[in-house]
Amino acid sequence: SSHLNKWEEERSTDGSKWRFLEHKGPVFAPPYEPLPGKVKFYYDGKPMKLSAPAEEVATFFAKMLDHEYTTKDIFRKNFFKDWRKEMTSEEKSTITDLNKCNFSEMSEYFKAQSEARKQMSKEEKQKIKEENERLLQEYGFCIMDNHKERIGNFRIEPPGLFRGRGDHPKMGMLKRRIRPEDIIINCSKDSKHPKPPPGTKWKEVRHDNKVTWLASWTENIQGSIKYIMLNPSSRIKGEKDWQKYETARRLKKCVDRIRSQYRDDWKSKEMRIRQRAVALYFIDKLALRAGNEKEEGETADTVGCCSLRVEHIKLYPKMDEQEYVVEFDFLGKDSIRYYNKIPVEKRVFKNLQLFLENKQPEDDLFDRLNTSILNKHLQELMDGLTAKVFRTYNASITLQQQLKELSCSDDSVPAKILSYNRANRAVAILCNHQRAPPKTFEKSMQNLQTKIDEKQNQLSAARKQLKAAKADHKASHDEKTVQRIEEQLMKLQVQATDREENKQIALGTSKLNYLDPRISVAWCKKYGVPIEKIYNKTQREKFAWAIDMAEKDYEF
DNA sequence: CATAGGACTTGGTGTAAGGATC
DNA sequence: GATCCTTACACCAAGTCCTATG
């Protein structure tokens with residue numbers, strides 16, 4: 001059925017994800033290149049030639065020397081322990097104290113290298129670009145069923161030192177080099193199987209069409225499995241994405257019922273049901289993540305809703321003008337701080353007081369609840385409902401409402417885009433998508449202000465000229481000039497507002513993962529805003545299904 | 001029911017690419 | 001045509017949720 005595009009083909013019902021899969025396998029990290037002899041490592045003030053394996057790991061540390069975390073005890077301890085494993089026995093007996101190691105020549109060497117890379121001629125840069133393009137063409141695509149699809153991450157991560165985010169107990173550990181012998185290849189039996197590099201073997205070649213990945217290996221820091229999968233533009237990802245939003249739309253139809261149900265449950269005789277109901281209220285109202293349990297000491301100490309501890313909330317029966325205020329202060333995913341003070345209903349407040357009774361700060365707030373219990377309950381309320389669906393639903397519905405409220409047909413396109421970004425921002429704030437203010441933020445604001453000032457001067461000059469011309473009865477083209485400059489000025493001002501408001505907010509994550517793209521596509525059509533103003537090329541590729549599908553009257 | 005493993009989605013940051021500006 | 005600036009994307013994780021196992 002070649003006339004069908006890839007969104008329209010029938011899917012199988014037996015859980016198989018594809019019938020045919022052919023690819024060339026991953027691209028491995030380039031082998032280690034030893035340092036030139038003149039670049040020395042010093043131990044206790046004396047130069048020391050390291051064996052290649054020890055030297056390689058030393059270079060990882062040297063490259064990070066400017067980062068604050070190389071001064072942290074845990075980082076240094078983990079690094080040193082793993083480094084020593086790579087040393088020869090002589091090296092091991094000599095190098096016993098990291099504080100006596102001097103990596104500064106290595107560090108300088110790498111800085112010079114990256115400087116040299118920046119100074120490369122156009123031709124050299126072009127050559128590298130072409131080589132990358134060649135690699136992309138050869139390894140960056142696969143055939144899945146009838147389509148050539150882009151692969152997401154066909155390059156295997158190079159070895160290095162694990163950083164992790166926040167206060168990670170494993171920071172500084174050595175992330176080892178991945179070899180063909182570590183890789184499991186997945187492809188269809190009747191495809192041309194990828195060849196391992198000469199003289200090597202794959203760990204395994206399997207033909208499992210119940211999964212979507214092309215290759216996998218086990219990473220040595222957490223022992224978890226990493227995958228090579230398709231790009232978001234692929235049929236298999238796009239369809240899943242579409243499905244996700246359809247689930248969220250089904251929630252829209254029954255969310256009132258679910259809300260009145262959990263409000264009733266606040267009064268339940270059973271503690272576990274009250275806890276479940278209060279947690280669900282938070283997930284719904286505040287768009288908190290589910291909060292799975294984590295193995296202690298293996299990862300940074302972060303929490304979500306179900307894993308909140310007593311120490312993460314404070315109760316204020318009265319605060320300023322408001323009653324029953326809950327203050328949240330905890331580290332969520334990626335150790336991003338969640339801080340919020342919200343008034344809640346009296347019943348929720350009383351329940352929280354009850355949950356806190358006789359507990360220590362480090363005890364679980366919801367001691368009778370976990371994500372598996374919660375999701376089992378949600379599954380009974382609606383087919384396919386899980387905690388994260390609330391985030392998707394509330395994000396998308398918020399965008400739709402905000403767009404309705406903020407957009408104005410008479411606005412100019414830049415003003416419309418400001419409204420769109422503001423709607424997007426409301427969602428990002430709801431989902432707590434924060435970013436560190438860009439290092440160049442102040443400067444770039446200043447630059448913009450300078451431009452605005454200049455434009456303003458230009459405008460008054462043009463206005464003066466227009467006035468003079470009018471007095472002479474020969475106006476027409478000066479009028480156009482004034483209008484043009486006014487428009488340019490307005491555009492700059494809108495840009496400044498947008499940037500200022502966006503200082504600490506990251507819009508990308510919500511746009512990419514939580515907002516039904518059909519809402520945005522419909523909005524663009526309705527208000528005559530070109531889709532390119534909202535989505536860049538990659539985003540348009542990811543949301544191709546929605547751009548194909550949504551009309552201007554689409555409703556989430 | 002607890003736990004581990006497995007598959008897949010969601011995250012912020014740094015940097016290179018490429019556009020804008022002088 | 002060099003330099004400055006912004007944007008996009010690679011990178012590298014860290015979540016969620018489901019299933020199998022004992």
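In what follows, chains are A, B, ... by sequence order, proteins preceding strands, each numbered from 1.
- Taking 4.0 angstrom as the limit, A/Thr509 places a side-chain polar atom (N or O) nearer than this to OP1 or OP2 of B/dG12.
- Side-chain nitrogen and oxygen atoms of A/Lys129 include at least one within less than 4.0 Å of the OP1 or OP2 phosphate oxygen of B/dG18.
- When heavy atoms are screened at a 4.0 angstrom cut-off, A/Gly291 is found touching the sugar-phosphate backbone but no base atom.
- Minimum atom distance to the side chain of A/Lys244 is reached by B/dT10, of the listed B/dG18, C/dC17, B/dT10.
- In this structure, CD of A/Gln113 is placed 16 Å from P of B/dT15, rounded to the nearest angstrom.
- For A/Thr386, taking side-chain heavy atoms from C-beta onward, the closest of the listed nucleotides C/dA13, C/dC17, C/dA8 is C/dC17.
- Checked against the 6.0 Å centroid criterion, the rings of A/Trp217 and A/Phe28 do not qualify as a close aromatic pair.
- Ring centroid separation for the pair A/Phe154 and A/His23 does not come in under the 6.0 Å cut-off.
- Within 4.0 Å of A/Gly160, counting heavy atoms only, lies no atom of the nucleic acid at all.
- If you check every strand for non-hydrogen atoms under 4.0 Å, A/His67 touches nothing.
- Residue A/Thr302 is classed as a sugar-phosphate contact, given heavy-atom separations below 4.0 Å to backbone atoms only.
- Across C/dA14, B/dT10, B/dG12, the shortest atom-to-atom separation from the side chain of A/Tyr514 is found for B/dT10.
- Nucleic acid contact class of A/Ile336 (heavy atoms, under 4.0 Å, all strands): sugar-phosphate only.
- Closest to the A/Lys388 side chain, of the nucleotides B/dT10, B/dG18, C/dC9, is B/dT10.
- Out of B/dT13, B/dG12, B/dA7, the shortest distance to the side chain of A/Val211 is found at B/dA7.
- Base engagement by A/Arg165 is indicated by at least one non-hydrogen atom pair under 4.0 Å involving a base atom.
- Heavy atoms of A/Ala300 sit nowhere under 4.0 angstrom from any nucleic acid atom.
- Considering only the side chain of A/Arg150, C/dA10 comes nearest among C/dA10, C/dG15, C/dA13.
- Each of C/dA13, C/dA14, C/dC17 was ranked by its minimum atom distance to the side chain of A/Ala290; first place goes to C/dC17.
- If you check every strand for non-hydrogen atoms under 4.0 Å, A/Lys17 touches sugar and phosphate atoms only.
- Using a 4.5 Å heavy-atom threshold, the side chains of A/Tyr139 and A/Pro26 count as separate.
- Checking the phosphate oxygens (OP1, OP2) of B/dC8, a side-chain nitrogen or oxygen of A/Thr212 falls inside 4.0 Å.
- Nearest nucleotide to the side chain of A/Ile225, out of C/dA14, B/dT10, B/dA7: B/dA7.
- Between the CG atom of A/Asn536 and the P atom of C/dA10 there is a distance of 11 Å, given to the nearest Å.
- Side-chain atoms of A/Asn292 lie closest to C/dT16 of the nucleotides B/dA7, C/dT16, C/dA13.
- Here A/Tyr227 lies in heavy-atom contact (under 4.0 Å) with a base.
- Note on A/Lys537: every side-chain N or O is 4.0 Å or more away from OP1 and OP2 of C/dC9.
- Comparing C/dC12, B/dG11, B/dG6 by their nearest atom to the side chain of A/Glu157 picks out C/dC12.
- Spacing between atom CD of A/Gln243 and atom P of B/dC8 amounts to 12 Å, rounded to whole angstrom units.
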